[in-house]
Amino acid sequence: MISATTKRLEMTDHLVNLFKSTPGDVIDKVVYLTQGKLYPDFAGIEIGMAEKMALRALAMASGLSMHEVKQELNRKGDIGLAAENLLKTKKQTALHKRELLVQDVYYALDRIAGTTGAGSVDMKVRTLSGLLSDAGPVEAKYIMRTVTGKMRLGIADMTILDALARAFASKDARRAIERAYNLTSDLGDVARALSREGIEGIKEYHSKVGRPVRMMLAQRLERAGEIVEKLGKAICEWKYDGERIQIHKFGDEVSLFSRRLENITGQYPDVAALVRHNLKVNEAIIEGECVAVDPDTGTMLPFQQLMHRRRKYGIEEAAKKFPAHMYLFDALLVEGEDLTQKPLIERRVRLRDMIAETNGFRLVYSLISDNVEEIETFFESAIENGCEGLILKDEDSIYQAGARSWLWIKLKRSFQSKMIEPIDVVIVGALMGRGRRSGSYGALLVAVYDHERDVFPTITKLGSGFTDEDLKNLPEILSPYRLEHKHARVESKLEADIWFEPALVMEMIGDELTLSPVHPCAYNEIRENAGIAVRFPRFTHRWRKDKAPEDATTVDEIVDMYKAQLKKIG
Ligand code: AMP
């Protein structure tokens with residue numbers, strides 16, 4: 001009946017009748033089966049039986065040869081229709097047939113999905129053949145389509161929700177039912193709650209550990225001023241350029257879900273370990289952005305770095321090379337208490353209280369403000385540190401599961417630019433390295449030349465592009481220029497571990513020039529309280545021994561480059 005119609009309304013009518021006549025203890029299974037599944041998508045379990053295997057089972061159940069079964073498939077062009085036809089002929093001669101219940105079908109399919117290892121093919125074929133022997137021809141049609149993943153009735157989640165509302169509550173309940181679905185992404189679980197407790201059960205429905213909450217997303221506006229007008233005083237957070245992860249913890253068990261609600265725990269053993277050590281409660285659902293970090297310099301790497309983990313093997317190595325850090329921004333559940341209806345400002349306090357902050361597991365950088373200028377400066381510092389911008393969030397916002405909400409508004413740059421020319425910089429300081437770089441320098445603090453004032457303002461921290469050989473040699477190369485304190489002609493807002501006399505010039509390039517509150521190069525020239533810095537800087541491996549420090553790129557040149565970069569975009 002359902003397969004005969006493509007009209008959503010008719011489909012819903014059929015579903016309403018089906019759900020009404022389904023006993024409460026199997027309603028969840030019926031819901032999954034109508035979509036050709038056994039579990040909600042996030043469980044990642046597929047029946048996935050190869051066509052050839054399914055045909056073997058059909059041959060067994062119908063008493064025909066593989067050749068005959070294949071011929072029928074070729075004639076019908078559909079494995080379901082082939083099964084229906086073959087079993088119709090056979091069933092007429094069968095003596096008696098046991099009535100097949102939904103649970104019989106479900107558990108048999110579940111056994112097929114769950115059988116693995118040696119001999120599993122034969123087991124699967126036998127299980128399916130047994131099921132087909134008990135099935136009527138029409139049932140066999142759907143069973144065959146389901147096991148081979150061809151059960152595409154095209155019933156959308158929203159259609160199921162419509163039908164559930166009509167079967168167990170009223171039209172007015174539709175919103176509440178959808179909200180419940182957004183909290184667990186599990187149509188079967190929602191159906192069970194509805195059939196057991198009606199709409200009251202749905203009002204009480206809450207998020208549950210192990211079932212991913214559909215994530216709340218942000219709207220976008222172009223200017224900080226517009227956002228402040230809309231939200232007033234807002235929680236402004238760095239928008240990290242990584243992968244969103246929803247963390248579920250129960251005891252020692254940790255599950256990580258992606259934005260598309262896939263279980264990605266296997267890709268992030270390092271994050272799972274961080275959670276076990278630093279999330280101090282027994283039961284929780286929290287969210288954050290996961291970012292790959294260069295262990296030697298501590299700098300955040302662009303999103304693409306994490307994509308090396310989208311594979312089966314070599315994850316441990318990838319995690320070692322570029323470990324993931326978690327920057328947390330929300331708490332949805334703690335010790336059984338659903339927090340999604342609490343205001344964000346309170347959820348953040350709860351979040352802070354349940355974690356032990358470490359370098360790799362911490363709250364997002366944030367600022368509470370309605371001062372546009374202050375927010376713009378904060379935005380620039382986010383960009384300079386490898387973030388995409390900011391997300392401004394209403395202090396009182398609830399967690400609107402599954403919504404792209406105006407309570408969260410992102411502020412990104414309206415352009416993406418490229419720094420095409422390398423620049424020559426002077427080394428004025430160094431920061432000690434960690435990890436593989438302990439004992440050497442993690443990053444160099446480098447400066448350009450301010451011709452007018454005859455000083456060297458810093459422009460960036462340079463930690464990339466060095467070979468192991470470079471790293472070994474740097475302390476020695478720089479030792480003749482070491483100072484006890486900052487050189488009088490160096491301008492820096494950052495504290496270096498070691499200071500140098502401006503002497504050595506090297507060439508570097510970056511992704512682009514950005515405004516920065518941290519670096520004094522061209523301070524106040526483009527914007528008040530901001531200088532210009534280089535984003536994602538890299539050593540080009542060219543020492544400019546031919547250049548004196550005063551021959552380094554000048555502040556004026558940097559200002560011109562910055563303006564040219566804007567023009568190129570505009
Ligand atoms: P977009 O993908 O541009 O719609 O931006 C939304 C995404 O930004 C989220 O799904 C997160 O992956 C990411 N994100 C980074 N930092 C934050 C943050 N502080 N709050 C919320 N989302 C964030």
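Counting convention: from 1, in listed order, for ligands and their atoms alike.
Within the structure, the ring pair (Phe, Tyr, Trp, His ring centres under 6.0 Å) test picks out no pair touching residues 386-405 (sequence neighbours left out).
Atom 17 (C) of ligand 1 has F329 CE2, 3.7 Å as its closest protein atom, hydrogens excluded (heavy atom only). The nearest heavy-atom contact from the protein to atom 8 (O) of ligand 1 is K239 NZ, 3.2 Å. Nearest to atom 11 (C) of ligand 1 among the protein's heavy atoms is E289 OE1, 3.0 Å. Counting protein heavy atoms only, atom 22 (N) of ligand 1 is closest to I391 CD1, 3.4 Å.
Judged by the shortest distance from any of its heavy atoms, W238 lies inside the 4.0 Å radius around the atoms of ligand 1. Ligand 1 does not have E388 within reach: every non-hydrogen atom of the residue lies 4.0 Å or more from it. At least one heavy atom of K412 sits less than 4.0 Å from an atom of ligand 1. At a 4.0 Å cut-off, not a single heavy atom of R220 sits close enough to ligand 1 to count as contact.
Annotation for ligand 1: atoms under 4.0 Å from non-hydrogen atoms of K393 are 18 (C), 20 (N), 21 (C). Contact atoms of ligand 1 toward K410: 1 (P), 3 (O), 4 (O), 5 (O) (distance under 4.0 Å to a heavy atom of the residue). Each of the following atoms of ligand 1 lies closer than 4.0 Å to a heavy atom of Y240: 15 (C), 16 (N).
For the pair R348 and E237, the salt-bridge criterion is met [side-chain N within less than 4.0 Å of a carboxylate O]. Under a 4.0 Å N-O distance rule, the pair K208/D186 does not qualify as a salt bridge. Under a 4.0 Å N-O distance rule, the pair R175/E178 does not qualify as a salt bridge.
Between W408 and ligand 1, no N or O atom pair is found at a separation short of 3.5 Å. Of the polar atoms of E243, none of the N or O atoms is found under 3.5 Å from an N or O of ligand 1, judged by distance alone.
The number of heavy atoms from other shown groups lying within 6.0 Å of CD (E316) does not exceed 12.
By the ring-ring contact (aromatic ring centres under 6.0 Å, His included) test, F257 pairs with H248, sequence neighbours left out.
Of the residues M300, E289, K239, K412, the one that meets the side chain to side chain contact (heavy atoms under 4.5 Å, CB included) test with C387 is M300.
Put simply, the side chain of D270 gets close to the backbone of A324: a donor and an acceptor are under 3.5 Å apart. Looking only at distances, a side-chain donor or acceptor of S516 sits under 3.5 Å from a matching main-chain atom of V518.
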